[in-house]
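Report on one structure; see the data block that follows.
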Amino acid sequence: MTLTADLCNSARGMMLSMGCIQSLQCNTGHCPTGISTQRPALVKGLNVSDKRQRVANFHEETVKSVAEILAAAGLSRTEELNRKHIFRRTSQTQISHYQDIYPPMVAGNLLSEPFPSAFDEDIKQANAEMFNCAACEIN
């Protein structure tokens with residue numbers, strides 16, 4: 001949200017509150033907990049009346065946590081969050097605002113020169129005709 005996302009979603013916490021054991025079989029229809037399957041035999045393992053309270057508790061605590069973060073920053077609404085409220089350690093001795101690390105963008109400013117200086121190297125390597133995976137390899 002502080003980086004101007006319109007919406008932030010996270011399914012993992014909700015899935016875990018329902019009893020997900022992260023068996024990594026969500027796309028196979030063989031979810032052993034019955035959460036991500038349509039197979040009647042597996043769905044039987046999902047006790048909705050028990051799980052709904054767990055999910056509600058998780059959601060309530062998540063909302064409380066967000067409210068605490070807002071209050072600690074002196075804010076009352078998530079819309080007030082911005083890059084100035086987030087810090088990142090950038091070296092052993094330096095901490096920077098996200099505002100400085102990720103400067104705000106003006107709509108369309110990557111479409112023509114002058115490009116933001118933070119993107120100089122990326123623009124030099126960009127090629128609309130080809131994607132060079134070698135440039136993306138992690139050493």
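Values in this document were obtained by computation on a predicted structure and should not be read as measured data. Basis for what follows: all heavy atoms, side chains included, without hydrogens, waters or symmetry-related copies. One is the number of the first residue; the rest follow in order along the sequence.
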Same cluster for Val66 and Leu75 if Ile/Leu/Val/Met/Phe/Trp/Tyr side chains link at under 4.5 Å?
->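 Yes, same cluster.
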Any link between Met14 and Leu16 through a network of hydrophobic side chains (Ile, Leu, Val, Met, Phe, Trp, Tyr) touching at under 4.5 Å?
->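 Result: no, two separate clusters.
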Search all heavy atoms of Thr33 against all heavy atoms of Gly19 and return the closest pair with its distance.
->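 Looking at all heavy atoms of both residues, the shortest contact is CG2-O, 3.3 Å.
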Minimum heavy-atom separation for Ser17 to Phe58, with atom names?
->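 Ser17 and Phe58 have their closest heavy atoms at CB-CB, 3.7 Å.
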Steps toward side-chain contact (heavy atoms from CB on, under 4.5 Å) verdict (Arg12, Met15) = CA-CA 5 Å; Arg12 181 167 294 182; Met15 295 292 286; 5.6 Å; no
Checking [X] now: which residues fulfil side-chain hydrogen bond (donor to acceptor under 3.5 Å, both in side chains) with it, not counting sequence neighbours?
X	answer
Ser65	none
Gln53	Asn57
Gln25	none
Glu113	none

Rounded to the nearest 0.5 Å, how far does [atom2] of [Y] lie from [atom1] of [X]?
X	Y	atom1	atom2	result
Asn82	His97	CG	NE2	9.0 Å
Leu70	Glu80	CG	CD	7.5 Å
Lys84	Gln99	NZ	CD	7.0 Å
Asp122	Leu110	CG	CG	9.5 Å
Ser23	Ile35	OG	CD1	9.0 Å
Phe87	Ile95	CZ	CD1	8.0 Å

Using ring-ring contact (aromatic ring centres under 6.0 Å, His included) as the criterion, list what pairs up with Phe119, not counting sequence neighbours.
->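 Not a single residue meets the ring-ring contact (aromatic ring centres under 6.0 Å, His included) criterion with Phe119.
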Please say which of Ser36, Cys26, Cys20 ends up in a side chain to side chain contact (heavy atoms under 4.5 Å, CB included) with Cys31.
->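 Looking at Ser36, Cys26, Cys20, the match for Cys31 under the side chain to side chain contact (heavy atoms under 4.5 Å, CB included) is Ser36.
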Taking it one step at a time, do Arg83 and Asp100 satisfy side-chain contact (heavy atoms from CB on, under 4.5 Å)?
-> CA-CA 8 Å; Arg83 293 176 176 102; Asp100 299 328; over 6 Å; no
Determine, for Lys64 against Glu68, whether the closest basic-nitrogen to carboxylate-oxygen distance falls under 4.0 angstrom.
->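 Salt bridge: no.
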Ile101/Arg88 under side-chain contact (heavy atoms from CB on, under 4.5 Å): CA gap, chis, key distance, verdict | CA-CA 9 Å; Ile101 300 169; Arg88 181 174 181 169; 3.8 Å; yes
Can you give the donor-acceptor pairs under 3.5 Å from side chains of residues 38-49 to other protein atoms, not counting sequence neighbours?
| from | atom 1 | to | atom 2 | distance (Å) |
| --- | --- | --- | --- | --- |
| Arg39 | NE | Gly29 | O | 3.0 |
| Arg39 | NH2 | His30 | NE2 | 3.3 |
| Asn47 | OD1 | Ser49 | N | 3.3 |
| Asn47 | OD1 | Ser49 | OG | 2.9 |
| Asn47 | OD1 | Asp50 | N | 3.2 |

Residue pair Val106, Asn109: steps toward the side-chain contact (heavy atoms from CB on, under 4.5 Å) verdict | CA-CA 6 Å; Val106 176; Asn109 72 347; 4.3 Å; yes
Any sub-3.5 Å donor-acceptor pair from His59's side-chain atoms to Ala56's backbone N or O?
->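 Here the side-chain-to-backbone pair does not exist.
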